[in-house]
*Asks:* 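Encoded as structure tokens, here's the structure I'll be asking about.
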Amino acid sequence: MDRRHSRIRLLLVSLVWILVLTGCWDLREIEELRFVVGHALDRADETPGDEWAAEGAGYKKRNRILFTHQQALPRFMAAGAQDGGSKQQKPYKNTVLTGDNIYQMVPEISLQDRGGAFGQHLKIVVIGESLARNVNLQQLLDIYFRAPMVRGSVLVFIARGRAGETLETREPGEVPSFHLVDIADNQRETTRLLPQVTMSKLSATLAAESSFLLQSVAAKDGKVKLIGAAVIKGKTKKLIGFLSEEELEGLNWLTGQGSGGAVKAVYEEERKPVLYLIDEMKSHIQPRVEGNRISFDVRVEFEGRLIEDWSVPGNAFESKHLEKVEKAIHDEVRRQVGRSLHKIHQEYRADVAGFGNQLRIRYPEVWEKVKKDWDNEFSRARVNYTVKVQIRDFGTQGTKQKE
Amino acid sequence: MSERKQLKTKKIGNRDRTRLSPGQAQQQTESSQPAVTVSPDDFSSRLELMKTEIKQNPDVVFRRFKLGFANLEAAVVLIDGLTDKDLINEIMKSLMYGVAETPPDPQPAAMNIKDFIEEKILPASKIKAVSTVKEAAEEVFTGFSALLIEGMPEILILETPSWKSRGMEEPVTEALVRGPRLGFNETLSDNISLLRRAIASPQLTFVDYWIGKTAKKKLVVAYMDGIVDPEIVREVQTRLERIDIDHVPESGYIEQLIEDNYLSPFPQLQNTERADRVASALLEGRVAILLDGTPFALIVPVTFSMLLQSPEDYYERWFAGSLMRMLRFAVAFVSLFGPSIYISFVSYHPGLIPTKLALSIAGTREGVPYPSFIEALIMEVAIEILREAGLRLPKPVGQTVGLVGGLVIGEAAVRAGIVSPIMVIVVSITAISSFAIPQYGAGIALRILRFGAMFFAALLGLYGVTLFFLLICIHFVKLKSFGVPYASPAVPYRLSDWKDFILRMPILMMKRRPKMLHTKNEVRKG
């Protein structure tokens, strides 16, 4: 071994020691973490202030936000919980705090609870109705857009009523945040669900100043349901109202978002119900500009199958019968789409269906002129829509009567 | 120093295949100094000299007799148990009576007697003449017989070795589903004949050496003349000649004495019990080293990918071979980094684990008193103990140890809350992965490095694991085995050699021998 080699070795050894002696500064064992999984934000004026105020707790604040902080308790949700007692234990814990800013309140929890706050597994943020109506969402959620440990995949919901209630459940062994995330994933099953709005998508939409929808959620007796959607005005970035389940469904049909879901219609003459299962939806929005007038032609196309037919014999081998069914479904879809359109077009005067985007693509110079006040401009534009329904398949039943 | 110089000049003079080995050359130069010149007339004193040299051990046989065709005394010196008794009897018979012709001269000159005996009388197939008693004694200890004849200055060495040897069996360490069931045994001549049978070609060349100063052992270097790069053969020979040790019990000694870097955890010579493996390595342009007394042959040069290969990759169709190759690379990765990645995820980057898995890991780790590194260390050491214990014990007991140990580690330790069940899974997958590496030596290397990786993971998380990986890579690209880069064909990059690397391409496509070996004849297939 020559001298040069031994010197290099010495250097290497000392380098390793430098690394070793500095220690494990980032080490935090997984079981010592406080897994934050859900946040709910409400207006604070409905609740009393700090429960520890008598003991001298508190700091300078105006108590504007009621903050529900949900953490998962892994020890009570271990697969096949080893001892029977843990079954009764809720696998989550909600801490309610009041304050003005989220990051002022998060450290408060570290005065009450063990472990290090760990936000990388945050799944949902639910905003209460009254808070969303009064506070600019961009300002409220800025912390989530900014904080590096918050994932872009965090889902955002608007609660009908108090947001804190949606993070409660009576279901044993269930973490409400995960439950909500899982429900929001059911788009293949129903068209009454809004496509998921993640934090990163939301930050883009907010920056674009366009109106948009957020999934709305309601809670009652420890149960939750995703009901319709919340309409957020692009100008004010505040909640202006809700769409009902049916209105949301109509809107989804109009925009061709999602798949699955059934349409129920009734025959004109027979008054018998028939159900149609949507396999594929297509929607095409064609903007038109004539002088100063902007209009839109929407073409909605459905492909699907006959899934239930109460009429007797209801012979699906006859194309005449199928045409009748198609007609009935067509009318129903058209009616529902029209109602939804009316709601956003006339009542809320907010383009939440992406009409503006199509105009931007086709007529960029027109868009440049109107984008400042697009929601108003949109409410003045004419929207024509055509619906085409096709039955591709009627299953293994042709007719209910033998020839 | 002077000895080595002498040795070298000797080498140049003897370039043919049956040249004297370096060991022998050394003996000659040594023994010439005390100048034990044998006086041709004094037969008894020569025999005495022989006896003192051999030191009158109970297994040494001195058999004195008279030649049948001339009134001369003779003696055979041999070791009981190392020689073929029947052959010796045959030789003695022919020396004592069976004379077809009387010699031309009743009192022949010494030279004539030697020629006469060599040519007409001795039925042994290989005869050699040595001039000193010391040399003769050396030969006797390797199973040859020494024949001393009154009035003849040389001592005749007859090739009579024969001893009990193990039959050829299926190699235990490298069992195959498909492939020849024959492995090497402890007898060098058997092993050489096995190779000869596998490669029936005059190009197959054996060069023999005697290794060991105190106790000599025969060693054979095998290569395919006309295929192998002569540079590699020369390198092997120089390194072998440099060996200066009293005794080599096993080829592992040779491996450690001639390897490129003794500090590297990676084996730089491949050892194998399989004749087919050696044969195909020779035909690829590699060199094999066989040592008497061990079934393990050495193959050089070695690349890392060779350690992840099994002969079966080539015997099975290429789909299966390729998939197995990829699996082994994956397995090598798991075996090296399994626990360290787990440690860094659990201790440093819980955000990288899917939420539900993270929560379930956190739940199972609840109540485990140690940080994950200590936990992993306990489990890894326990597995190593279990493996070591199972290896040494007789088979039935070994199974019990495995059972009890597995139960204690798998069940009881988890119940007692010392380790988490997920750690048990990680450690056992890692252990199984290391068993799935076809070369035991490579498995050991990865096992050693695994602990380093765990240490780095515990210190710096994934960043540390990456650092450790880079350190290995740096070492890896610098390492060479007999002039061939260890990481080839990945580094230096040679696309044509990739046909037999991560994938085992169809044999139809492997038309050339590996380029990294610089073979003299590249064409393998038309």
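Residue numbers begin at 1 in each chain, while the letters A, B, ... track the order of the sequences.
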*Asks:* Just wondering, are more than 12 heavy atoms of other shown residues or ligands nearer than 6.0 Å to CZ in F469(B)?
*Replies:* no
*Asks:* With a 4.5 angstrom heavy-atom cut-off, is it the side chain or the backbone of Q120(A) that approaches chain B, or both, or neither?
*Replies:* side chain
*Asks:* Does atom CZ of F451(B) have more than 12 heavy-atom neighbours, drawn from other residues, nucleotides or ligands, at distances under 6.0 Å?
*Replies:* yes
*Asks:* Is the count of non-hydrogen atoms from other residues, nucleotides or ligands lying under 6.0 Å from Y253(B) atom OH greater than 12?
*Replies:* no
*Asks:* Other residues, nucleotides and ligands only: do more than 12 of their heavy atoms fall within 6.0 Å of NZ on K480(B)?
*Replies:* no
*Asks:* Go through the atoms of I353(B) and report whether side chain, backbone, both or neither lie under 4.5 Å from a heavy atom of chain A.
*Replies:* both
*Asks:* If you count heavy-atom pairs within less than 4.5 Å of chain B, which of F118(A), F35(A), F178(A) leads?
*Replies:* F118(A)
